[in-house]
Amino acid sequence: MDFLAGLNPQQRSAVTHVEGPLLLLAGAGSGKTRVITHRIAHLVEAHHVPGPAILAVTFTNKAAGEMRDRVLKLLGNPEYRAAPLVSTFHSFCVRMLRRDGKRLADIRPGFTRQFNIYDDDDQVALIKQIFRNVGLDEKFMQYRAMASWISHAKSRKQSPQEMYGSSKDPKTSRLATVYERYEDRLRQANALDFDDLLLEAVRLLEHDEDLRRQYGRRYEFLMIDEYQDTNRSQYELMRLLTGEHQNVCVVGDEDQSIYGWRGADIRNILDFERDYPKATVIRLEQNYRSTKNILEAASAVVAHNIERKGKWLWTDAGEGEKIGLYEALDAENEALFIADTVERILSANPSERVAVLYRTNFQSRQIEEALRRYGRNYLVVGGFSFYQRAEIRDLLAYLRVLVTPHDSIALLRIINTPARGIGKTTIEQMEQFALANELSLWSALRRILDEQAFSARAEAALRAFERMVIELTDLLNTEPLDEILRRVMERTGYGRMLESDNDPESESRLANLNELVNAAAEAAERGETLTDFLDHAALVADADGLDERAAVSLLTMHNAKGLEWPVVFMAGLEEGLFPHSRSLDSNAGMEEERRLCYVGMTRAQKRLILSWARYRRRFGGGQPEACVASRFLKEVPRERIAKLREDAAGGRQVDLYAERHEVRETVKRNLYTGQTYNSLDNIAQYFAERGIAAPRAPAPATRAAAPAAQVPPRPAAPVAKRKPVGPGSSVNHPKYGRGMVLRREGDGEEAKLTVSFPGYGLKKLVVKYAGIKLDE
DNA sequence: TGATTCTACGGTCTC
DNA sequence: CGTAGAATCA
């Protein structure tokens, strides 16, 4: 196969570059994924580099999966053993630490390769606990703020001790105290947080010279995507891996650096040529994605930045439509305008794909409400996802406790869920004891039991708990993954707890857990171990939930990075919202917002519609506040803009109350907040380790109700209305009993339902034949 | 101890 | 408006 066909000269020279450092400055839509994948294929086919000697690193699992698919396809689907490794930084580090991390114990006492991963919810739980212990609360500092403070300290490699040394005020030394305890607790639980995954991988390679050489030889060629968003440890990792050969190709665009707040260091890309003096630099400046109007508008905005290398993308494409601009009366009107326009676009062309982008997640709510008003299904990316749900986290916490009972955060989570008589006082007693004797909660529990220092009632409860954990631990070596989960649900009483109460929500929780069991079974079939499964659950990202087949996707601009749609809306272009108020006082912050704007705009292929609202309320009940149009709007050349009708959506104030009520109710019943579209596929995606080729559905069945050309009249009452059977409905089946509908394909009698029946798992049923009844 | 109600408070982006 | 934690009651 000719991997050079159809490439422009710059792309071609990037693909054919073999040895030595290469910096690829690839503008938005310039075909960089194509270049990376073709370069990998070219190395393998033309230069006979063994596949596994190539390591490509991306930012999200999703991007990695996609790239892997494309590479494998180019290579004619080689065996797994012969395939290049495509991974995220985090997964790569986890893999290294699990396989070859033994010697990290030299420099991190207590470390074993069975470590746990603490995600940010675990971090917050831990910080909360520490605050409690040292008598602080959220008034001192918000938990998340504390977490990011610690993260920054870590990325600067400042130890708590150094913090003490340099602290001048009592606040800083308190921060240092929390930081110190935080680190102690992680070590005690043999846990690593997201920062540690990278930091410890770096430390391991620095410490273990043999391993460093081994890795340097194993991966002869390294590629890094989205290089502008790498942080310090990722940079160091790159240096360590390429110490032997310098065969590194980084691809990035300084104009798309949007993760400064997360520690991304834009200097990594700006200084690449200094770090690798022999670097070849290639610029990809031809855009193949957008119309001229879109490209010029986006370029004009980002040209207002000072901190950039400077480039100007060009395109062969025609002018295309002008950028639409809509000035809404208020946020509800804006949402209605978007929904209305989406409806027009989709009724003209049902196979069109549309994205609505916004700065902050909370903006999605109103847009969801408006879309539902039109019966239009949509996919929300981000927000509250499957693996963040309480029941999922609970069950995963049980598994973590079985792996390491010293994981105190996990233990604390499940010790009294379901309620088993271990109350606040008992737990406090254990915490105090653990603190005083520097023990994990689990060790403390056992010690106190030995010393018979609990009240009789508490003691009985704790003994039963202890026995249960030990019993379940035995399963780890004998049972397959899904069976372990089932047994945990049964033995802990978690399943019974959900079955016995009549809360409609419990039913969907149960369905979620069944789903988790299914995911575990699939993982087991792929030969994954329990740790693999837990790793995966910890490392999935919101963006991984995206499904391109959705007709309408709602997501933040951050999550939209690397993606494209024919039609893109950008909502809420107001000073203080976008650019966000937190970035108004610093130049660097403002430039990052502007880059984000550039990223958002360049997602659009054919049509870009910007909107803002003159009034928006900050809290649900408060008064609407007057807004000023975003400065970014003024930075778009006037002649590229077409103002859209002022009176869209009837120009009248519309009360979305009824819809809002209904959305809330559905959301409560539904499995995945907002994700009314193909939620099942999402879960499969969350847990699929490798990018299995999802079957390409033809036209997405995203329509829930007949399209309305006009704003439909407001429903009289939000309740007591006959709803079509769809996700969230509960149905009755003659054989399987009651079950929850997860997905519907098709309409009426022909509709095919995917239903989760407690005890039977998932069934696909056709309404007409199955004889199921809708449950009220 | 556990379930329920009340109240105060507050909102970037995320591997 | 939604949530977390406090306060209250069974």
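First the proteins, then the strands, lettered A, B, ... as listed; each starts at 1. Excluded from the calculations below are hydrogen atoms, water molecules and symmetry mates; all remaining heavy atoms, backbone and side chain alike, are included. Note that this is a predicted model, so its numbers are computed, not measured.
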P spacing across the pair B:dC13 / C:dA4, given as an integer number of angstrom: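 These two P atoms come out 16 Å apart once rounded.
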Output yes when at least one side-chain N/O atom of [X] is less than 4.0 Å from OP1 or OP2 of [N], else no.
| X | N | value |
| --- | --- | --- |
| A:Asn416 | B:dT1 | no |
| A:Lys128 | C:dG5 | yes |
| A:Thr360 | B:dC13 | no |
| A:Asn361 | B:dT14 | yes |
| A:Tyr118 | B:dC15 | no |

B:dC13 base stacked by A:Trp261 (centroids within less than 5.5 Å, tilt under 30°):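 Here A:Trp261 meets both the 5.5 Å and the 30° conditions.
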Donor-acceptor contact below 3.5 Å, side chain A:Arg594 vs main chain A:Val302: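 A pair under 3.5 Å: no.
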Roughly how many Å is it from [atom1] in [X] to [atom2] in [N], rounded to a whole number?
| X | N | atom1 | atom2 | value |
| --- | --- | --- | --- | --- |
| A:His90 | B:dT14 | NE2 | P | 14 Å |
| A:Tyr358 | B:dT14 | OH | P | 9 Å |
| A:Gln363 | B:dC13 | CD | P | 9 Å |
| A:Lys424 | C:dA7 | NZ | P | 9 Å |
| A:Glu593 | B:dC13 | CD | P | 11 Å |

For DNA chain B, the residues among residues 580-591 of chain A that have a non-hydrogen atom under 4.0 Å from it: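 Within this stretch, A:His580, A:Arg582 sit under 4.0 Å of the strand.
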Sugar-phosphate only, base, or nothing, as touched by A:Gln142 at under 4.0 Å among non-hydrogen atoms: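 Sugar-phosphate contact only - A:Gln142 comes under 4.0 Å of backbone atoms but never of a base.
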Residue that, paired with A:Asp225, satisfies side chain to side chain contact (heavy atoms under 4.5 Å, CB included) out of A:Val251, A:Val86, A:Thr60, A:Val250: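 For A:Asp225, the side chain to side chain contact (heavy atoms under 4.5 Å, CB included) test succeeds with only one of A:Val251, A:Val86, A:Thr60, A:Val250, which is A:Val251.
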Donor-acceptor list for residues 137-149 of chain A side chains, cut-off 3.5 Å, not counting sequence neighbours:
{"from": "A:Asp137", "atom 1": "OD1", "to": "A:Lys139", "atom 2": "N", "distance (Å)": "2.9"}
{"from": "A:Arg144", "atom 1": "NH2", "to": "A:Asp121", "atom 2": "OD1", "distance (Å)": "3.2"}
{"from": "A:Ser148", "atom 1": "OG", "to": "A:Ala145", "atom 2": "O", "distance (Å)": "3.3"}

